[in-house]
Each structure stands twice: as structure tokens, then as C-alpha cells.
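So the structure is just underneath, and the comments pick up after that.
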Amino acid sequence: DTAVSQTPKYLVTQMGNDKSIKCEQNLGHDTMYWYKQDSKKFLKIMFSYNNKELIINETVPNRFSPKSPDKAHLNLHINSLELGDSAVYFCASSQAAGGTSYGYTFGSGTRLTVV
Amino acid sequence: AQSVAQPEDQVNVAEGNPLTVKCTYSVSGNPYLFWYVQYPNRGLQFLLKYITGDNLVKGSYGFEAEFNKSQTSFHLKKPSALVSDSALYFCAVRETGGYQKVTFGTGTKLQVIP
């Protein structure tokens, strides 16, 4: 049973479209995150939710909007996709904010390609 | 703001030899430090952490890391490298207080040569 699952695994779409990536964790963790990994493998945090409350909101375009309907789910919606949005997006979760206890558990990623 | 540096983009080591992947950090207050590994087309996996206590931390797959406060370093080590250790390794630091944001380094590709 996958601990942190993301869908879809691959997403190819045209510029200007709107798309969503879904994430679910079955670990009972309180905190969830979205990270973006660019082509150089650099990882940058985008958002973090703790018990459905947004606690970290880094400087990302407001075309990106996270939504957490409950603490097991954190979705990412992207409006008006641009070429520069092409990247791998990782969802992660941790037992508490900061992952001090057992670190983060990452999903396997969603490779977004904007054409 | 905290930061972490991984000075080597790639480390090559022969199978059976000891390996070291370097990491230095900058953070106000006591550091919380982590190592993660990423295999191709996979998410990151937690290897080990340093919160407090013994400067030598043991983790998964035979890896360990040495915390050195005076040198602000947290190098990842393994006594005998395996070909299967070839992957991308990330060092990370968690901020003290606030919402405990974790910042990742730029990653080091480890290549173990048979």
C-alpha cells in the first residue's frame, strides 16, 4: 500500500491550460508539502499544510493554488500553465512540521511537461 | 535564513571503497540536519537525521553521518560502497522555530564504479 501517492505520474499539456495534481497519504501524518524539482534536480519548497492549515507559502506565482480538503490530501492546481512550469512536482508528508521525527515521506513525483 | 551547501556535483568511488559525500550548513540556533537519497524516477527517501546527542549518526543501508559543529558540516559516509548506492544524495537543514521549513541542498550524484 503506497504511503504517499500522487496522480498523475506524467502530465503533458499545452501552454495556457489549467491542470491539477492530487496527493494522498495514508500514514496519518499531520503535515503535507509540495516541492518542485527542476531540470538541475534543485528542490524548492512551494507549500506546506498542517492539519489543513497553510503554514508555508513560498514565493510562487499565484497561478499555483494548493488545496487541502482534509489532512490526508493535498492537491495542487495550476492555472495558465507556462513553459517554465515544466518540472517534477513532489508531494511529501511528515508526522509533524519539519519532519523531525522520521523525516519526510515523499511521493514518487509528477513529471509535468508544458509544450 | 538557513542554507545548506553540497560542494560536489558528483562523487565517484570504486566499489568496496569508503565513500564521503560532503555537506556544510548555515542556520541560526541548533541545527536539525538530514540526509535523503533519490534513485532515478523516484521520490526522495529519508536516510538519517541529526537532532542532538552523539555526533555520529547511523542510518539506513549502512550509511552514517558525522556532525561537526565547529566546521558546520554534516558529511555522509559509508565504510564500503556498493554499486547499488549509486544515486542522488541530498543534505537538508530544518529551520529553528517558525514553521520549521526544511531547505535542501543542490544534491550530489554518487557513482559507484564496479
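Below, read A as the first sequence line, B as the second, and so on, with proteins coming before strands; counting in each chain starts at 1.
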Hydrophobic cluster membership, with links at side-chain heavy-atom distances under 4.5 Å among I/L/V/M/F/W/Y: are [X] and [Y] in one?
X: A:Tyr10; Y: A:Tyr35; result: no
X: A:Met15; Y: A:Leu76; result: yes
X: B:Tyr39; Y: B:Leu19; result: yes
X: A:Val88; Y: A:Ile45; result: yes
X: A:Phe106; Y: B:Phe90; result: yes

Note to self: Given 3.5 Å as the limit, does a donor-acceptor pair link the side chain of A:Tyr104 with the main chain of B:Tyr36, or not?
What the structure shows: no
Next item on the list: Might you confirm whether atom CD of B:Gln10 has over 12 heavy atoms from other residues, nucleotides or ligands at distances under 6.0 Å?
Entry: yes
Next item on the list: Starting at CG of B:Leu88, measure out to CD of A:Gln37 and round the result to the nearest 0.5 Å.
Entry: 7.0 Å
Check: Of the backbone (N, CA, C, O) and the side chain (C-beta and beyond), which part of A:Lys44 lies under 4.5 Å from a heavy atom of chain B, both, or neither?
Finding: neither
Check: Quick one: what part of A:Gln6 sits under 4.5 Å from any heavy atom of chain B, side chain, backbone, both or neither?
Finding: neither
Note to self: Within residues 104-114 of chain B, which residues come under 4.5 Å of chain A, heavy atom to heavy atom?
What the structure shows: B:Phe104, B:Thr106
Next item on the list: Please tell me if the side chains of A:Phe90 and B:Gln38 come closer than 4.5 Å, counting only heavy atoms from C-beta onward.
Entry: yes
Less than 3.5 Å apart, which donor and acceptor atoms pair up between the side chains of residues 40-48 of chain B and the rest of the protein, not counting sequence neighbours?
unit_1: B:Gln45; atom_1: OE1; unit_2: B:Tyr61; atom_2: OH; d: 3.1

